[in-house]
Asks: 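Shown below is the structure under consideration.
Both ligands and their constituent atoms are indexed starting at 1 by order of listing. Since the model is a prediction, treat every value here as computed from it, not as a measurement.
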Amino acid sequence: MTHLTTLLPIASDNYVAFTFFTGTMAMMAASLFFFFELSNTKPEWRTSILVSGLITFIAAVHYYYMRDYNLGTGQSPIFFRYVDWILTVPLMCVEFYLITKKAGAKINLLWKLIFASLIMLITGYFGEAVYKGSAAIWGLFSGLAYFYIVYEVWMGDVAKLSKGSTPAVQKAVGSLLKFVVIGWAIYPIGYLVGTGDGQWYSFMADLGWNMDIIYNIGDAVNKIGFGLVIYSLSRSED
Ligand SMILES: *C/C=C(C)/C=C/C=C(C)/C=C/C1=C(C)CCCC1(C)C
């Protein structure tokens, strides 16, 4: 791949490239915002805001490459995408843990979440890039790991701990649950669209949607959106 893609024009109907560009800028801007706001954040929320900034920063660097790769080749940057997720999703688990820690969570909750998220991503990568013919079965494994995370947050440890805690922590856990159940569910939709060709769920591919646009929307919601929710919680609680 050459490094001249910045000289390539983007066709006005190339929405994929458009979302890679705006995604790059949004991730960069969000990182600056979180980093600069650190110094006027209450100490007990600082680590959370810092981790939000790290997540958007790591994504900004990957988006920079994905944008280039996509514009130069017209293909999906599957590899960079998964490298980004392998780094940022465990960091999101750290965010979840930091919130639940305020309700008394132990470190083993963090390891459970990280482990499940890695299973979810590795099996997803196999289905999307390595064993494409059996994308359905890999997607199913990935989905099971995802449901385990949903279970932990909705009914498992996270939910139980939150019940006995302060209203502020309950509110934080409530928004965490929304992100895991609604925000994260954007990704399997992208997967079904992107891998549907020749599978029983080929109707998803036939919709004419684009996997990268769906993933890019998912990233904006979950990385920037979740970071902003943490930010506002850090201001409202007293
Ligand atoms: C910042 C990036 C985030 C929060 C990425 C999250 C990714 C997922 C929740 C992916 C989930 C998948 C499934 C549940 C099944 C199909 C394969 C995946 C990996 C797309």
Asks: Measuring from atom OH of Y151 to atom CG of L144, what distance do you get when rounded to the nearest 0.5 angstrom?
Replies: 15.0 Å
Asks: When you measure from the centre of the six-membered ring of Y64, is the NZ or CZ of R67 closer than 6.0 Å and no more than 45° off the axis?
Replies: yes
Asks: With the threshold set at 4.0 Å, does a side-chain nitrogen-carboxylate oxygen contact exist between K106 and D157?
Replies: no
Asks: Starting from atom 16 (C) of ligand 1, what is the nearest protein heavy atom, named by residue and atom, and what distance separates them?
Replies: Y191 CG, 3.5 Å
Asks: Give the numbers and elements of all ligand 1 atoms closer than 4.0 Å to a heavy atom of M92.
Replies: 4 (C)
Asks: Look at R235 together with E37 and state whether they make a salt bridge at an N to O cut-off of under 4.0 Å.
Replies: yes
Asks: Look at atom 2 (C) of ligand 1 and say which protein heavy atom is nearest, naming residue and atom and giving the distance to 0.1 Å.
Replies: K223 NZ, 2.3 Å
Asks: Between T123 and ligand 1, find which residue part has any heavy-atom pair under 4.0 Å and reply side chain, backbone, both or neither.
Replies: neither
Asks: Would Y15 and N210 count as a side-chain contact (heavy atoms from CB on, under 4.5 Å) if you check the C-alpha gap in whole Å, the side-chain angles of each, and the deciding distance to 0.1 Å?
Replies: CA-CA 9 Å; Y15 302 111; N210 181 279; over 6 Å; no
Asks: Could you tell me the residue and atom name of the protein heavy atom closest to atom 9 (C) of ligand 1, and the distance to it rounded to 0.1 Å?
Replies: M120 CE, 3.3 Å
Asks: Report, in ascending order of atom number, the atoms of ligand 1 lying under 4.0 Å from any heavy atom of D219.
Replies: 1 (C), 2 (C)
Asks: Do F96 and W184 have their ring centres less than 6.0 Å from each other?
Replies: yes
Asks: Are the aromatic ring centres of W85 and Y187 under 6.0 angstrom apart?
Replies: yes
Asks: Where is the nearest protein heavy atom to atom 15 (C) of ligand 1: which residue, which atom, and how far?
Replies: S142 OG, 3.2 Å
Asks: Taking non-hydrogen atoms only, is Y82 closer than 4.0 angstrom to ligand 1 via side chain, backbone, both or neither?
Replies: side chain
Asks: Would you please indicate yes or no on a ring centroid separation below 6.0 angstrom for Y231 and F33?
Replies: yes
Asks: Against heavy atoms of P188, which atoms of ligand 1 measure under 4.0 Å?
Replies: 14 (C)
Asks: Starting from atom 10 (C) of ligand 1, locate the nearest protein heavy atom and write down its residue, its atom name and how far away it is, to 0.1 Å.
Replies: Y187 CB, 3.5 Å
Asks: Which bit of E128 is near ligand 1, meaning a heavy atom under 4.0 Å away: side chain, backbone, both or neither?
Replies: neither
Asks: To which of Y125, Y146, W85 does the heavy atom nearest atom 14 (C) of ligand 1 belong?
Replies: Y146
